[in-house]
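Encoded as structure tokens, the structure appears first; notes follow it.
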Amino acid sequence: MSLATTFLGVNFANPFMNAAGVMCQTENELTSLAQSSSGSLITKSCTSAFREGNPEPRYSKAPLGSINSMGLPNLGFDFYFNYAKNTFPSVNVSNKPIFFSISGLSLEESTSMAQSLCPLATEGQVILELNLSCPNVPGKPQIGYDMEDMDRYLNAVSSVYSMPFGVKMPPYFDFAHFDSAAAVLNKYDKVAFVTCINSVGNGLVIDIDSEQTLIRPKAGFGGIGGSYVLPTALANVNAFYTRCPGKKIIGCGGVTSGSEAFMHILAGASLVQIGTQLQEEGVGVFDRILSELRTLMEKKGYTTLSDFHGKLKTL
Ligand SMILES: O=C(O)c1[nH]c(=O)[nH]c(=O)c1I
């Protein structure tokens with residue numbers, strides 16, 4: 001029985017990692033992930049400069065998951081670049097790969113960061129995940145919901161970034177949108193993977209005792225994660241898996257146990273990101289879910305991920 005896998009020519013001991021944004025903003029958080037049982041990790045989406053983010057409370061647990069409107073708080077590109085280049089190698093005891101998330105506030109900013117990151121990627125030190133789906137920067141609509149904008153971003157980044165990279169997509173809810181988003185992604189061979197999904201944007205969770213919203217920013221509107229989003233996450237994983245045959249899929253959304261991880265892989269995910277459950281449980285979640293997935297595979301007679309990867313059956 002092995003949970004090892006190869007992704008973009010890189011070896012992973014197992015398919016699990018954090019979702020960008022969760023437990024990956026500071027050096028301590030990143031090092032805790034580096035030394036956890038995860039197969040890899042990803043940095044907090046960054047902007048060129050340090051960013052405070054939205055006023056707190058900006059994250060809250062909710063009955064079936066979470067709501068967040070963090071507002072892209074991060075220590076700035078240089079911090080994550082230096083972490084990946086200098087600090088990570090010294091704490092990366094299991095030699096796991098690291099992904100690097102970029103979420104500039106403009107095409108120019110994202111392109112400039114991608115260009116600066118490229119040397120580290122050509123050295124095989126990082127894998128870029130370009131975030132096209134942050135729902136929480138006031139006044140900044142999600143790039144992934146504007147097909148022409150997404151096309152412009154991918155064209156600009158592809159022209160300065162010489163390595164394969166991936167994109168973090170928002171959830172889509174209509175076949176016409178699966179089709180048009182996949183058509184844009186399929187124009188770019190350098191887009192080697194697609195991460196589905198980011199949080200379901202601009203939900204509203206209410207506390208009936210206080211009759212208040214749970215978070216302060218945007219009148220309580222924020223990205224929804226956790227069990228609430230599992231069916232949407234699985235649908236987006238499978239929709240892009242079938243529409244982008246030349247690309248890998250990373251699944252994200254609603255993974256709280258080995259069962260949901262199994263579903264994501266069955267739907268087409270090669271790697272699986274954990275967000276809300278990691279935020280609530282801590283890095284022990286990787287040990288638990290690894291064990292649960294192994295048990296499930298054993299019960300079904302599977303010995304590797306490829307035994308069931310992408311093999312979802314329809315009726
Ligand atoms: O509010 C955030 O920082 C945030 N929150 C999310 O749920 N997804 C994102 O991509 C981002 I950049």
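In each ligand, atom 1 is the first atom listed, and ligand 1 is the first ligand listed.
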Which bit of [X] gets closer than 4.0 Å to ligand 1, counting heavy atoms only: side chain, backbone, both or neither?
X	value
Q142	neither
N54	neither
N68	side chain

- [ ] Please say whether S69 places an N or O atom under 3.5 Å from an N or O atom belonging to ligand 1.
- [x] no

Task: N/O separation below 3.5 Å, K44 to ligand 1 - done: yes

Open item on the list: Taking the ring centre of each residue, are F7 and F193 less than 6.0 Å apart?
Closed with: yes

Task: Pair R216 + E56: basic N to acidic O under 4.0 Å - done: no

Task: Test: E298 and R294 ion pair at under 4.0 Å - done: no

Open item on the list: When you group the ILVMFWY residues by side-chain heavy-atom contacts below 4.5 Å and let the links chain together, are L128 and F77 in the same group?
Closed with: yes

- [ ] Classify the angle between the aromatic ring planes of F240 and Y172 as parallel (below 30°), tilted (30 to 60°) or perpendicular (above 60°).
- [x] tilted

Sub-4.0 Å atoms of ligand 1 with respect to non-hydrogen atoms of [X]:
X	answer
N136	1 (O), 2 (C), 4 (C), 5 (N), 6 (C), 7 (O)
L72	1 (O), 2 (C), 3 (O), 12 (I)
P135	6 (C), 8 (N), 9 (C)
P73	3 (O)
N198	6 (C), 7 (O), 8 (N), 9 (C), 10 (O)

- [ ] Say whether E281 and Q277, considering side chains only, have a donor N or O and an acceptor N or O under 3.5 Å apart.
- [x] yes

- [ ] Applying ring pair (Phe, Tyr, Trp, His ring centres under 6.0 Å), run through F286 and F16 and close with a yes or a no.
- [x] CA-CA 7 Å; F286 294 116; F16 297 109; 7.2 Å; no

Open item on the list: In this structure, does ligand 1 have an atom that sits under 4.0 Å from one of the heavy atoms of G223?
Closed with: no

- [ ] Determine whether any heavy atom of G71 lies closer than 4.0 Å to an atom of ligand 1.
- [x] yes

Open item on the list: Within the 4.5 Å heavy-atom criterion, are T232 and F173 side-chain neighbours or not?
Closed with: yes

- [ ] Note the single closest protein heavy atom to atom 11 (C) of ligand 1, along with its residue, its atom name and the distance in Å.
- [x] C134 SG, 3.2 Å

Task: Worked check of ring pair (Phe, Tyr, Trp, His ring centres under 6.0 Å) between F175 and F178 - done: CA-CA 5 Å; F175 270 52; F178 292 144; 5.5 Å; yes

